[in-house]
**Student:** 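I have a structure I would like to understand better, so I am pasting it below and will then ask my questions one at a time.
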Amino acid sequence: MRTSASLLTPPPLVTGPVDLRRLDDDIHRPLESFPTLRWWIAFSICGALATCFLLCAAYTIAVGIGSWGNNSPVGWGWGIINFVFWIGI
C-alpha cells in the first residue's frame, strides 16, 4: 500500500540513463519530423473553418447585419454585446 506522501510525489519524467544528445533528440524530434496524417487532417479542418469565418464576415460586411435576421435595431443589441464581449477578452 502506498503512503500519502508517495501518492503526492509525481513519477519521474525521465527514466534510465540520459545524456544531452538523447535529451536534445527527444525534444526536437516533433519539430524536425514531417507532419503526420493526423496533423494534416487537423490543419485542413482548421483551414476550412477559418475560410468559412472569412466568407461569413465578408458576407455580413457586404450585406449588413440584416443578414442575421435582426431587421429591427432593437435586435442589434445581441450582436453589439457579443462583439464587445469578445473584444474585451
Side-chain angles (χ1 to χ4, degrees):
M1 175 151 185
R2 296 177 66 179
T3 64
S4 61
S6 66
L7 290 174
L8 296 177
T9 56
L13 297 175
V14 179
T15 58
V18 178
D19 59 348
L20 293 178
R21 181 171 177 86
R22 178 180 163 221
L23 185 61
D24 190 51
D25 289 342
D26 289 343
I27 291 172
H28 289 117
R29 187 176 301 116
L31 300 173
E32 294 174 348
S33 62
F34 193 75
T36 62
L37 180 63
R38 285 178 31 186
W39 186 89
W40 284 110
I41 291 171
F43 183 75
S44 299
I45 291 170
C46 291
L49 289 173
T51 302
C52 181
F53 166 74
L54 291 175
L55 291 174
C56 291
Y59 181 75
T60 299
I61 291 170
V63 176
I65 296 178
S67 65
W68 299 348
N70 292 342
N71 294 325
S72 170
V74 175
W76 294 357
W78 181 86
I80 294 169
I81 290 171
N82 195 17
F83 174 77
V84 170
F85 174 77
W86 288 111
I87 294 300
I89 285 182

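Not measured: the values here are computed from a predicted model. Residue indices begin at 1 and follow the sequence shown. All heavy atoms count here, side chains included; hydrogens, waters and symmetry mates do not.
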**Student:** Output all residues satisfying side-chain hydrogen bond (donor to acceptor under 3.5 Å, both in side chains) with N82, sequence neighbours left out; order by chain, then residue number.
**Tutor:**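 side-chain hydrogen bond (donor to acceptor under 3.5 Å, both in side chains) list for N82, sorted by chain: W86.
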**Student:** What pair of heavy atoms forms the shortest contact from S67 to Y59, and how long is it?
**Tutor:** CB-CE2, 3.6 Å
**Student:** Check the surroundings of atom CG in L55: do more than 12 heavy atoms from other residues, nucleotides or ligands lie under 6.0 Å from it?
**Tutor:** yes
**Student:** State the CH2-CZ distance between W39 and F34, to the nearest 0.5 angstrom.
**Tutor:** 8.5 Å
**Student:** Would I61 end up clustered with F53 when hydrophobic side chains under 4.5 Å apart are linked, directly or stepwise?
**Tutor:** no
**Student:** Quick check against the 3.5 Å criterion: does R29 have a side-chain atom that pairs as donor or acceptor with the backbone of D24?
**Tutor:** no
**Student:** With D25 as reference, evaluate R22, R21, H28 under the side chain to side chain contact (heavy atoms under 4.5 Å, CB included) test and give the passing residue.
**Tutor:** R21
**Student:** Which residue, I81, I80, I87, forms the side chain to side chain contact (heavy atoms under 4.5 Å, CB included) with F83?
**Tutor:** I87
**Student:** Hey, what do you get for CG (L49) to OG (S44), rounding to the nearest 0.5 Å?
**Tutor:** 11.0 Å
